[in-house]
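These numbers were taken from a predicted model, which means no experiment stands behind them.
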Amino acid sequence: MGRKSQQDVRQRLLSVGLRLFAEKGYERATVREICDAAQSNLAAINYYFRDKSGYYQEVCAYARSLRMAGLQQLVEASPDGDPWEVLSIHVDTLLNSSFDSELFLSNWLHLREYLNGEDGQATAPTPQESNDRKRLESQVPVLLAKILGEAATEQNIALLTYTYVSMSLFLIIQIKMDQNPQNTLRISQKLERQHLRDHIVDLVRVAADRMKRDHAAIRN
């Protein structure tokens, strides 16, 4: 088997493992059903990952890399640019948690680990992840302060943050469930995604304008 073919098999196993471990957990997801879904033989787990425990650790590491990539994209959207363009990047990146099924599953796997103490992988963040989260936490208030201007109070910044983050993470899930409760991961067309991103940004713009008007009314 060529190197590329080996990489393809390994990647299929990681992707399938991510889905089944996220859906069923470590104990209930069997090696046989994983290999069947990945169209691979049972020996592949031992060949690439030593055993089920080692395989699970690699799947968790793969899931973490997906989450880290999304976080890094948010951090790199510098608040020094046009604030509305940067906000659009933030919303678009957060939407990956719903539109990108692997990222969606990686978040569920992380949550399952955290709540149930699944065997095989610690949930503690890496130093890089902690640093990126701290950078992001410091950048978001700066970004929203530019949008709010004189209305950039601590309360308004917190409300605006909650507005765009919550809509980016949960609005699409509600839309999918309303359209088809049995298929919550089907909407992924580019135009639908762009429309939803622009809709969320417009809602944030409306909320920010209202905050500015209220702030101006109080001052006058």
Side-chain angles (χ1 to χ4, degrees), residues 64 66-108 110-111 114-115 123 125-179 184-185 187-220:
R64 183 189 292 274
L66 295 174
R67 296 194 304 272
M68 285 291 294
L71 178 59
Q72 188 66 34
Q73 190 172 358
L74 285 172
V75 170
E76 291 175 355
S78 170
D80 296 332
D82 176 86
W84 290 107
E85 290 182 4
V86 176
L87 181 65
S88 293
I89 294 173
H90 276 228
V91 171
D92 202 45
T93 303
L94 289 170
L95 284 172
N96 283 338
S97 294
S98 295
F99 278 94
D100 182 338
S101 60
E102 285 210 326
L103 183 56
F104 180 82
L105 291 169
S106 75
N107 289 331
W108 274 110
H110 181 64
L111 181 62
Y114 181 78
L115 294 178
T123 59
T126 64
Q128 180 64 50
E129 186 176 0
S130 296
N131 290 336
D132 284 346
R133 291 193 181 280
K134 289 178 181 178
R135 286 179 59 192
L136 183 61
E137 289 172 2
S138 66
Q139 287 178 356
V140 169
V142 175
L143 168 65
L144 297 182
K146 291 179 68 174
I147 287 174
L148 288 167
E150 294 183 356
T153 65
E154 183 177 344
Q155 181 181 23
N156 283 347
I157 288 174
L159 286 172
L160 215 56
T161 301
Y162 175 79
T163 297
Y164 87 82
V165 171
S166 62
M167 286 193 296
S168 298
L169 295 178
F170 301 117
L171 182 58
I172 184 61
I173 295 176
Q174 184 61 50
I175 292 172
K176 291 173 183 176
M177 292 183 69
D178 288 345
Q179 291 190 1
T184 61
L185 293 175
I187 300 178
S188 59
Q189 288 85 349
K190 184 176 180 181
L191 289 178
E192 289 178 336
R193 175 174 174 151
Q194 291 177 339
H195 174 75
L196 184 59
R197 178 200 63 203
D198 294 342
H199 176 63
I200 291 172
V201 172
D202 285 343
L203 291 176
V204 173
R205 194 185 302 273
V206 170
D209 288 343
R210 183 167 59 247
M211 290 174 180
K212 292 178 183 178
R213 290 195 302 270
D214 292 345
H215 181 76
I218 292 174
R219 291 189 61 188
N220 296 332

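Residues V86 and Q139 fail the side-chain proximity criterion, which asks for heavy atoms closer than 4.5 Å. Here the side chains of L160 and N156 are not in contact, with every heavy-atom distance at 4.5 Å or above. Considering only heavy atoms from C-beta on, I200 comes within 4.5 Å of L95 through its side chain.
Using a 30° and 60° split on the angle between ring planes, W108 and F104 fall in the perpendicular class, above 60°.
Listed here is the closest heavy atom pair of S166 and T163: OG-O, 3.3 Å. P83 approaches L143 most closely through the heavy-atom pair O-CD1, 3.4 Å.
One finds the CG atom of L196 at 9.5 Å from the CG atom of D92 (value rounded to the nearest 0.5 Å).
Remark: V165 pairs with L94, T161, L169 by the side-chain contact (heavy atoms from CB on, under 4.5 Å) rule, at least two apart or across chains. Checked against side chain to side chain donor-acceptor pair (under 3.5 Å), Q73 has no partners two or more places apart in sequence or in another chain. Qualifying side-chain contact (heavy atoms from CB on, under 4.5 Å) partners for S130, counting only residues two or more places apart in sequence or in other chains: P125. Applying the side-chain contact (heavy atoms from CB on, under 4.5 Å) test to N107 and every residue at least two apart in sequence or in another chain returns R67, S97, L103. Contacts of D132 classified as salt bridge (Lys or Arg N to Asp or Glu O under 4.0 Å), with partners at least two apart in sequence or in another chain: none.
Taking a cutoff of 4.0 Å between a charged side-chain nitrogen and a carboxylate oxygen, E137 and R133 do not qualify as a salt bridge.
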Could you check L159 against M211 for side chain to side chain contact (heavy atoms under 4.5 Å, CB included), going step by step and ending with a plain yes or no?
CA-CA 10 Å; L159 286 172; M211 290 174 180; 3.7 Å; yes
Open item on the list: I'd like to know whether H110 forms a side chain to side chain contact (heavy atoms under 4.5 Å, CB included) with R64, so could you lay out the CA-CA distance, the side-chain angles of the two residues, the decisive distance to 0.1 Å, and finally the verdict.
Closed with: CA-CA 8 Å; H110 181 64; R64 183 189 292 274; 5.8 Å; no
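The list of side chain to side chain donor-acceptor pair (under 3.5 Å) pairs with a residue in residues 203-219, not counting sequence neighbours, reads E150-R219.
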